[in-house]
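Side-chain atoms are counted along with the backbone in the values below, which use heavy atoms only and exclude waters and symmetry mates.
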Amino acid sequence: MTVTAAPGATAAPTPPLAARAASVGGSPVRDILAVTARPEVINFAGGLPAPELFDAAGVAAAFQAVLTSTPGTALQYSTTEGEPALRAAIAARTAARGLPTDADDLLVTTGSQQGLSLLATVLVEPGDTVLVESPCYLAALQAFAFAGARVVPVPCDEEGIDPAALDELVATHRPKLLYTVPTFQNPTGRTLPAGRRAEIAAVAARRGLWIIEDDPYGELRFEGERVPWIATYPGAQDRTVLLGSFSKVMAPGLRLGWLRGPAALLRACAVAKQAADLHTPTVNQLAAARYLADNDLDAHVARVARAYGERRDAMLLGLADALPHGSSWVRPQGGMFVWATLPDGYDTAALLPEVVKHDVAYVPGAPFYAGEPDPATLRMCFVTQAPDEIAEGLRRLGGALVG
């Protein structure tokens, strides 16, 4: 029997979106990038690696090699856990940096952002408490909010998380996990010292807490000595999930990341990934593995870091003239971002439309806070533009903020 609507009848509305989809907003950073897409705008708002520093020829050669030698494999479905050759290469790089790792300890993800989403799916029940840094990586706040978490900020200073404050919050709120970007943090650029990492590991072990240690920027060091991952400290080994990515050291368009964690958690994440995308693109994984086999990625990263260090210096050099008197900022030892705080009474979100009229842009700091925001804060990315463009961008910024 065919059922038809009566002539002139009004169709019933479609069911509403899930509450979690309706309650979570978009990304203010991406909204700003859309508004400032004009080519004349010097845009410090994004977190985009410098495209002229990509090893495009090396990546192209790697794709050509796998498509020529093993096209049937490269263009076929793969396992959810990831291509064995790539997992083995990532495991070797991780072990060489002080964290013993086998291929079976890893799950390849479609960017490390997917790893964060998978962890939110398998660890967080609606209403669970999640602890984050203050301020925090914006997309992590989105992932946890989408999972229905109650997100609580941990007090931080210029060196990052305060371990004593963390201990008190864990005792009070009994959270499921702590999320942290301890090295060249997004958005602040700060790095958590070794002593605090050891204290955080001890809190997690004593109180019963998962740690998600996100490390997309750690290889982009310009000065100072490398600090070991939290995952290497006593008490943290069985409860820390390390997220890594090729986005900042090879190319973000490959969408290749990984998750290192305990076996039971990896199995749960693999099941969640099967529901999301079955597996990360095979050809990208094989090309990355071939690139690692044929090229010296560490040497490439060193070249990129040198260039980024020069760009950081160019931004730091011009900040005093670009920002109002009484402003302060973090001097990062690596990574991609400078975090600045204007004097009391300034609101960087309210100021942004006038700043954009001067053909320059930053990201206001407020969206990065899980708790009460500081409206006088802002984030600027220093890696996308060359030093002369950075100097011109800061001149324009000074014209808008200082006059």
Side-chain angles (χ1 to χ4, degrees), residues 46-63 65 85-86 88-99 101 106 111-112 181-186 188-194 213-229 231-232 242-258 260 284-285 287-317 330-338 380-390:
L48 307 178
E52 72 275 12
L53 298 177
F54 295 155
D55 183 8
V59 173
F63 272 94
L86 181 59
I90 295 169
R93 289 179 61 81
T94 305
R97 284 156 176 77
L99 183 59
T101 303
L106 298 165
S112 62
V181 184
T183 305
F184 315 138
Q185 195 240 15
N186 181 359
T188 65
R190 65 195 176 201
T191 294
L192 192 68
E213 181 176 11
D214 199 354
D215 186 36
Y217 312 105
E219 294 190 59
L220 298 175
R221 177 173 285 280
F222 320 143
E223 61 184 55
E225 296 298 321
R226 181 180 179 275
V227 187
W229 287 305
T232 64
L242 179 66
L243 297 177
S245 174
F246 285 126
S247 290
K248 308 304 185 294
V249 298
M250 195 179 292
L254 293 173
R255 304 310 304 132
L256 287 174
W258 57 91
R260 180 199 181 277
N284 293 11
Q285 293 189 63
R290 183 62 180 257
Y291 183 90
L292 292 170
D294 293 348
N295 299 274
D296 186 344
L297 179 60
D298 290 337
H300 170 69
V301 171
R303 288 191 293 272
V304 171
R306 281 194 295 273
Y308 285 0
E310 293 173 358
R311 298 177 185 200
R312 177 209 59 179
D313 292 345
M315 181 163 281
L316 294 176
L317 183 65
V330 174
R331 185 182 191 278
Q333 292 186 317
M336 298 173 60
F337 304 108
V338 165
M380 290 190 290
C381 177
F382 54 77
V383 305
T384 312
Q385 288 85 20
D388 58 339
E389 294 175 292
I390 291 172

*CA sep, side-chain torsions, deciding dist, call: Val227, Leu192, side chain to side chain contact (heavy atoms under 4.5 Å, CB included)*: CA-CA 8 Å; Val227 187; Leu192 192 68; over 6 Å; no
*Of the non-hydrogen atoms in Leu256 and Ala288, which two are nearest, and what is the gap between them?*
CD1-CB, 3.5 Å
*Output yes when a side-chain donor or acceptor of Asn284 lies under 3.5 Å from a complementary backbone atom of Leu254, and no otherwise.*
yes
*asked:* Ring-plane angle category for Phe184 and Phe222, please: parallel below 30°, perpendicular beyond 60°, tilted otherwise.
replied: parallel
*Below 4.5 Å, heavy atoms only, C-beta onward: do Val338 and Leu316 meet side chain to side chain?*
yes
*Side-chain touch Asn186/Met336, heavy atoms, less than 4.5 angstrom*: no
*Heavy-atom check, side chain of Tyr217 versus side chain of Thr183, under 4.5 Å*: no
*Check Ser112 against Ser245 and note the closest heavy-atom contact, atom names and distance.*
OG-CB, 3.8 Å
*asked:* Measuring only between side-chain heavy atoms, which start at C-beta, is Val301 closer than 4.5 Å to Lys248?
replied: no
*Any residue meeting side-chain contact (heavy atoms from CB on, under 4.5 Å) with Thr101, in chain and number order, not counting sequence neighbours*: Ala91, Thr94, Leu99, Asp105, Leu106, Arg260
*If you take all heavy atoms of Gly189 and Pro332, which pair is closest and at what distance?*
O-CB, 3.6 Å
_I'd like to check Arg331 versus Arg312 (side-chain heavy atoms, cut-off strictly below 4.5 Å). Are they in contact?_
yes
*Is a salt bridge present between Arg303 and Asp296, judged by a nitrogen-to-oxygen distance below 4.0 Å?*
no
_Is there a side-chain contact between Leu220 and Val304 in this structure, where contact means two heavy atoms from C-beta onward sitting under 4.5 Å apart?_
yes
*How far apart are the C-alpha atoms of Asp298 and Glu219, what are their side-chain angles, what is the distance that settles it, and do they pass the side chain to side chain contact (heavy atoms under 4.5 Å, CB included) test?*
CA-CA 9 Å; Asp298 290 337; Glu219 294 190 59; 4.0 Å; yes
*asked:* Working to the nearest 0.5 angstrom, can you tell me the gap between Arg97 CZ and Leu242 CG?
replied: 11.5 Å
*For the residue pair Ala62 and Tyr291, what are the closest heavy atoms and their distance?*
CB-N, 3.8 Å
*Please report the shortest heavy-atom distance between Asp214 and Pro182, naming the atom on each side.*
O-CD, 3.7 Å
*So how far is it from Glu389 CD to Phe382 CZ, rounded to the nearest 0.5 Å?*
15.5 Å
*May I ask you to check whether over 12 heavy atoms, not counting those of Glu52, lie within 6.0 Å of atom CD?*
yes
*Verify, without hydrogens or angle tests, whether Arg190 (side chain) and Val330 (backbone) share a donor-acceptor contact under 3.5 angstrom.*
no
*Would you sort out whether Phe246 and Ile90 count as a side chain to side chain contact (heavy atoms under 4.5 Å, CB included), showing the intermediate values?*
CA-CA 10 Å; Phe246 285 126; Ile90 295 169; 4.0 Å; yes
*Closest non-hydrogen atom pair, Arg255 against Ser247*: NH1-OG, 3.3 Å
*Is any side-chain heavy atom of Leu48 less than 4.5 Å from a side-chain heavy atom of Pro252?*
no
*Where the side chain of Glu213 meets the backbone of Trp229, is there a donor-acceptor pair that is under 3.5 Å apart?*
no
*Determine whether Met315 and Gln385 make a side-chain contact, defined as any pair of heavy atoms from C-beta on separated by less than 4.5 Å.*
no
*List in chain and number order the residues that pass side chain to side chain donor-acceptor pair (under 3.5 Å) with Gln333, two or more places apart in sequence or in another chain; answer none if no residue qualifies.*
Arg221
*So, does Arg93 use its side chain to make a donor-acceptor pair with the main chain of Ala89 at under 3.5 Å?*
no
